[in-house]
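Worksheet: the structure to be examined is printed underneath.
Throughout, protein chains are lettered first and strands after them, A, B, ... in sequence-line order, and every chain is numbered starting at 1.
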Protein chains: 2
Amino acid sequence: MTDATPDITRERILNQALVQFAGVGFEGVSMRQVAAAVGVTVAALYYHFPDKEQLYLATVAYGFNRRLPPLMAALEHFSDPWDRLSAFITEFTAVLAADADFQRIMQWVLLDTDDERTKTLTQSLFAPFFDEITGLMQKLNPGKEVHWLAVSIIGLAVFPFETRFARRLLSGYRSPRQYPDELASHILSLLRGSLMHHSSSSRP
Amino acid sequence: MTDATPDITRERILNQALVQFAGVGFEGVSMRQVAAAVGVTVAALYYHFPDKEQLYLATVAYGFNRRLPPLMAALEHFSDPWDRLSAFITEFTAVLAADADFQRIMQWVLLDTDDERTKTLTQSLFAPFFDEITGLMQKLNPGKEVHWLAVSIIGLAVFPFETRFARRLLSGYRSPRQYPDELASHILSLLRGSLMHHSSSSRP
DNA sequence: GTCTATACCATGATAGAC
DNA sequence: GTCTATCATGGTATAGAC
């Protein structure tokens, strides 16, 4: 691209759209609301995006690409599989705690049953992320049910955030946003007992 | 109630509404669509329910009360805490696998941030369920982070279903609906390593 | 208890001026 | 690149006949 346009408005739109879509989902947000939040008219939105669907897809990609690539990059520093898993849990819970919009937009994507949208978003955004964890499981627990293991580990990190709003009203509530490290330690201690059997790691 | 009216239409409405709300959520469903699915007019819906919000609340309660009480009742047969946990995992995954509407309506409720709705639904439907699991953790692992443990266990069962639609497109996919027992064994073997340390159970 | 008919409003989207 | 103005559609909800 020889174009050096800052596309400042486009970014402002994406920022506001992310907050709104993360909050109430695709159907819950109107183009008027997004426009009002940005401080432009609806027509301006349609200049930057062909329709609501494309705005949504661009918004989800925007929200994911701000968080997932840096997260995966941080794992590169660790070569030992257990250290890598440990770093993943710590970093992932920290990201989920720090960016509620990222956490919630992911939740909306998972509930979506539109084939087209799911295909696009899953393959471009989830796949590399998930494959990394699956590969890690392969090293830690060769030959075992690596798929279920990967799902379990991601779920252990994500589910406490997904249920955060409802759990406020339940007995013994602990906030994963206030105590992300407490959550990370809990998950790691849970996994230690089960994953260390075949591990080649030197961790106690 | 001296009234013996079968309320047959009301039940038919709830059945259809459950399918629709479970599929695309509160905002995604129109009263017109529900009416069409039931085979009545919109006005008939408003005879049985004051507005869309109340129809939704009644629908969620309907979907939950069909599944959760029987599930909890089945646990009564086991007195040993580990046996009880084991039964819970097995039964819960079986219910989630058999009733996709129940599984998905739960997911929608968790994403909802309406204070009024969340308060009502969480306290009446989730609380007894969650307290049972927390109490179980108290017995299995006295003094430990029982809240995080309960969340982890429920998440291990629920998350594979929540991600089912997206995971179809990922490498090594296993369907929790096709293999609920495989999932249950996986979860139990994961937990065995971590929870048996202080257990008073006689299980190997 | 269910219908027809309709009020009223918000939505996604577009045309054309500037 | 952003605006004003407008359109067609579909949303929730109600009144009143049967």
Side-chain angles (χ1 to χ4, degrees), chain A residues 1-60 62 105 108 112-117 120, chain B residues 1-60 62 105 108 111-114 116-117 120:
Chain A
M1 306 282 189
T2 52
D3 191 358
T5 314
D7 257 350
I8 180 70
T9 305
R10 197 187 141 95
E11 194 118 336
R12 280 176 55 225
I13 294 173
L14 288 173
N15 268 305
Q16 293 300 327
L18 179 57
V19 175
Q20 310 235 355
F21 282 131
V24 288
F26 182 78
E27 310 273 5
V29 176
S30 75
M31 296 298 268
R32 284 170 159 81
Q33 287 170 33
V34 177
V38 180
V40 295
T41 63
V42 175
L45 259 51
Y46 280 94
Y47 172 81
H48 292 277
F49 302 92
D51 56 23
K52 190 186 174 183
E53 173 108 1
Q54 295 303 313
L55 169 60
Y56 176 73
L57 290 175
T59 301
V60 175
Y62 173 73
I105 203 81
W108 284 108
D112 195 356
T113 49
D114 183 290
D115 266 309
E116 183 81 0
R117 283 199 291 255
T120 308
Chain B
M1 308 276 189
T2 53
D3 190 359
T5 314
D7 258 349
I8 180 73
T9 306
R10 197 189 140 96
E11 195 120 335
R12 281 176 55 226
I13 294 174
L14 288 173
N15 268 304
Q16 293 300 326
L18 179 57
V19 175
Q20 308 234 357
F21 283 132
V24 288
F26 181 78
E27 310 273 5
V29 175
S30 75
M31 296 298 268
R32 288 197 225 266
Q33 287 171 34
V34 176
V38 179
V40 294
T41 63
V42 176
L45 259 51
Y46 280 93
Y47 171 80
H48 292 277
F49 302 92
D51 55 22
K52 189 185 174 183
E53 173 107 2
Q54 294 303 313
L55 169 59
Y56 176 73
L57 290 176
T59 302
V60 175
Y62 173 74
I105 203 79
W108 285 109
L111 251 173
D112 195 355
T113 48
D114 183 291
E116 184 81 358
R117 282 198 292 254
T120 309

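What separates NE2 of H48(B) from C1' of dA13(D) is a distance of 16 Å, to the nearest Å. Spacing between atom CZ of R10(B) and atom P of dT2(C) amounts to 13 Å, rounded to whole angstrom units. Between the C1' atom of dG1(C) and the CZ atom of F49(B) lies a distance of 14 Å, rounded to the nearest Å. I8(A) has its CD1 atom 11 Å from the P atom of dT2(D), to the nearest Å. Taking atom CG of residue L55(B) and atom P of nucleotide dA13(D), one finds them 10 Å apart after rounding to whole Å. One interatomic measurement links the two molecules: CG of L45(B) to P of dG11(D), which rounds to 13 Å at whole-angstrom precision. Rounding to whole angstrom units, CE of residue M31(A) and P of dC3(D) are separated by 14 Å. Between the P atom of dG1(C) and the CG atom of D7(B) lies a distance of 7 Å, rounded to the nearest Å.
Using a 4.0 Å heavy-atom distance criterion, Q33(B) is classed as a sugar-phosphate-only contact. Using a 4.0 Å heavy-atom cutoff across all strands shown, V29(A) reaches sugar-phosphate atoms only and no base atom.
Distance from the side chain of T9(B) is smallest for dG1(C) among the nucleotides dG1(C), dG12(C), dC3(C). Minimum atom distance to the side chain of V40(B) is reached by dC3(C), of the listed dC3(C), dG12(C), dA15(C). When the nucleotides dA13(D), dG12(C), dA15(D) are ranked by their closest atom to the side chain of K52(A), dG12(C) comes out on top.
Each of V34(B), L14(B), N15(B) was compared with T59(B) under the side-chain contact (heavy atoms from CB on, under 4.5 Å) criterion, and only L14(B) meets it.
Residues R12(A) and V38(A) approach most closely at NH2-O, 2.6 Å, considering heavy atoms. Of all heavy-atom pairs between P50(A) and Q54(A), the closest is CG-CG, 3.5 Å.
Side-chain nitrogen and oxygen atoms of S30(B) include at least one within less than 4.0 Å of the OP1 or OP2 phosphate oxygen of dG11(D). In terms of phosphate contacts, Y47(A) brings no side-chain nitrogen or oxygen within less than 4.0 Å of OP1 or OP2 of dT2(D). OP1 and OP2 of dT14(D) both lie 4.0 Å or more from every side-chain N or O belonging to Y46(B).
To the nearest 0.5 angstrom, L45(B) atom CG is 4.5 Å from I13(B) atom CD1. Atoms CH2 and OH, on W108(A) and Y56(A) in that order, are 8.5 Å from each other to the nearest 0.5 Å.
For R32(A) against dG12(C), a side-chain-to-base donor-acceptor contact under 3.5 Å is present.
Residue T41(A) is the one, among F26(B) and T41(A), whose nearest nucleotide of DNA chain D lies closer to the 5' end (criterion: closest heavy atom).
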